[in-house]
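These notes are about the structure you will find just below.
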There are 2 protein chains.
Amino acid sequence: MKNEIKLFEDFLVQKELKYTSRREIILEIFLKTERHMSPDELYDLVKKKDSGIGFATVYRTLKLIKEAGLGREVDFGDGKKRFEHCFEHKHHDHLICIKCGKALEVADDRIEKLQEALVKRHKFNPVHHRLEIFGYCKDCDKKPPRQGGGQGG
Amino acid sequence: MKNEIKLFEDFLVQKELKYTSRREIILEIFLKTERHMSPDELYDLVKKKDSGIGFATVYRTLKLIKEAGLGREVDFGDGKKRFEHCFEHKHHDHLICIKCGKALEVADDRIEKLQEALVKRHKFNPVHHRLEIFGYCKDCDKKPPRQGGGQGG
DNA sequence: CTGACTGCAAACCCTTTGCACTAAA
DNA sequence: TTTAGTGCAAAGGGTTTGCAGTCAG
């Protein structure tokens, strides 16, 4: 993790920005938390270490972290931004439980390969992609909510 | 399309709701427009037919359309809701151009199959999923913006 | 008639921004 | 000292909701 922190510092220096203690706290907590966090969740965690930090700083720092390539934005369809760090994580897809909200990270090389072929067929130049599968995780699947037998697809 | 309109009417009747002319106008325009529309785009189109329709009605009707299974929500990461209709459309993925914003619909059975296997391996019970690939479409790829050679991964 | 539908505008939620003060370099 | 960083609160942008009038059944 030291590595990532150094990387962030270099990133800031290069952009003639400053490496402050608040940015460090936010980055550290962001990196060490293995969860897909919304800004307010990160804010709550960060407040425990430095109660003076404001919401705006969390947002602004998250933006910098993203620019530095240490985090990426994910979207779980709940109307908020969510972020995951790229520290010790390669590209992966998500299985998102619509009951408990947890997101499992999964990877499948064969799917990636087929995606590459797919974009090639369409002469599309990909920059990034995301695959998200929504449903019930194995814990929640034991008792899925049933109302009218609703069936999606 | 007549079929879908009938389906919507039945859906409303079954829920003891009313089939109104405004709902009909909104549904018709939604179905006949082959684009991924945000509520405000649909609102603009709908206003041309019935200038008295309000924003709220568009939102509320879109929600009903979704419930009726005639539309689904998609997310192109631009901070707004977007909808596509399910009329004469099977499941598909999206290639979204980050320059011009157009979304190409694509389908690949082998990817779908691998996804099924993937969730099975994780004992995950899928309800729906989405695959979105962001990048440059073949028209925009001729002159992609280059700044610092940014590389996502 | 009854109860759902509607437009309007205000409320909401999350995110961003302007300002005056603070802290890196 | 110089310039960026910061908290606060207000502003923004998109979406939802409460209300009183309207309309379908």
Side-chain angles (χ1 to χ4, degrees), chain A residues 5 8-30 36-44 46-68 71-83 101, chain B residues 5 8-30 36-44 46-68 71-83 101:
Chain A
I5 290 176
F8 191 51
E9 198 175 337
D10 291 347
F11 168 81
L12 292 174
V13 167
Q14 175 215 311
K15 299 199 73 166
E16 301 189 295
L17 301 177
K18 287 166 184 171
Y19 188 64
T20 67
S21 64
R22 302 210 143 154
R23 287 183 176 165
E24 179 174 318
I25 289 172
I26 293 170
L27 177 63
E28 273 187 10
I29 292 180
F30 178 64
H36 301 90
M37 277 184 295
S38 58
D40 59 294
E41 286 164 355
L42 181 53
Y43 172 71
D44 286 344
V46 151
K47 285 280 264 194
K48 289 179 188 162
K49 266 217 159 174
D50 178 346
S51 62
I53 291 184
F55 230 103
T57 300
V58 173
Y59 271 96
R60 290 188 272 230
T61 304
L62 237 13
K63 187 176 284 181
L64 290 171
I65 290 174
K66 215 171 63 172
E67 282 175 45
R72 74 169 75 89
E73 214 172 315
V74 293
D75 176 8
F76 292 172
D78 59 353
K80 338 176 155 180
K81 296 196 162 198
R82 284 183 180 278
F83 294 85
Chain B
I5 290 177
F8 190 52
E9 197 174 338
D10 292 346
F11 168 82
L12 292 174
V13 166
Q14 172 218 310
K15 299 200 73 164
E16 299 188 297
L17 301 177
K18 287 168 183 171
Y19 187 64
T20 67
S21 63
R22 303 208 143 155
R23 287 182 174 166
E24 179 174 319
I25 289 172
I26 293 169
L27 177 64
E28 273 188 10
I29 292 180
F30 179 64
H36 302 90
M37 274 183 298
S38 59
D40 61 293
E41 286 166 353
L42 181 54
Y43 172 73
D44 287 343
V46 152
K47 285 281 265 193
K48 291 179 187 162
K49 264 215 161 176
D50 179 344
S51 61
I53 291 183
F55 230 102
T57 300
V58 173
Y59 271 96
R60 290 191 270 231
T61 304
L62 239 12
K63 187 176 282 181
L64 290 170
I65 289 173
K66 214 171 62 172
E67 281 176 45
R72 75 170 74 91
E73 214 172 316
V74 292
D75 176 8
F76 292 172
D78 59 353
K80 339 177 155 179
K81 296 196 162 197
R82 286 184 177 277
F83 294 85

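Protein chains get the first letters and strands the later ones, always in sequence-line order, with residue 1 at the start of each.
The interatomic distance linking Y43(B) (OH) with dT16(D) (P) rounds to 16 Å, in whole Å. Per the geometry, NZ belonging to K81(B) stands 14 Å off C1' belonging to dG13(D), to the nearest Å. The interatomic distance linking L12(A) (CG) with dT6(D) (P) rounds to 10 Å, in whole Å. Spacing between atom NZ of K15(B) and atom C1' of dG25(D) amounts to 19 Å, rounded to whole angstrom units. If you measure from atom NZ of K63(B) to atom C1' of dT6(C), you get 15 Å, rounded to the nearest angstrom. Taking atom CD1 of I53(B) as the reference point, atom P of dC23(D) lies 14 Å away to the nearest angstrom. For the pair E16(B) CD and dC5(C) P, the computed distance is 11 Å after rounding to whole Å. Residue K66(B) contributes atom NZ, which lies 11 Å from atom P of dT15(D) at whole-angstrom precision.
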Per-nucleotide protein contact string for nucleotides 18-25 of chain C, where B marks a base within reach and S marks sugar-phosphate only (heavy atoms under 4.0 Å, - for neither): B-----BS
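Of the residues near DNA chain D, L64(A) and S38(B), the one whose nearest nucleotide (by heavy atom distance) lies more toward the 5' end is L64(A).
For the pair K18(A) and L12(A), the tightest heavy-atom approach, listed with the atom from each and the gap, is O-CD1, 3.6 Å.
Taking the salt bridge (charged side-chain N to carboxylate O under 4.0 Å, His left out) definition, one finds that R23(B) meets it with nothing, sequence neighbours left out. Applying the ring pair (Phe, Tyr, Trp, His ring centres under 6.0 Å) rule to Y59(A) yields the partners F55(A); only residues at least two apart in sequence or on another chain are considered. Residues satisfying the salt bridge (charged side-chain N to carboxylate O under 4.0 Å, His left out) test with R72(A), not counting sequence neighbours, are E84(A). Residues passing the salt bridge (charged side-chain N to carboxylate O under 4.0 Å, His left out) test with K80(B) are D40(B), sequence neighbours excluded. The salt bridge (charged side-chain N to carboxylate O under 4.0 Å, His left out) test applied to D50(A) returns R22(A), not counting sequence neighbours.
At distances below 3.5 Å, not a single donor-acceptor pair connects side-chain atoms of R82(B) with backbone N or O atoms of V74(B).
Distances from the side chain of Y59(B) to the nucleotides dG5(D), dT16(D), dT16(C) place dT16(D) closest. For P39(A), taking side-chain heavy atoms from C-beta onward, the closest of the listed nucleotides dT15(C), dT17(D), dT15(D) is dT15(C).
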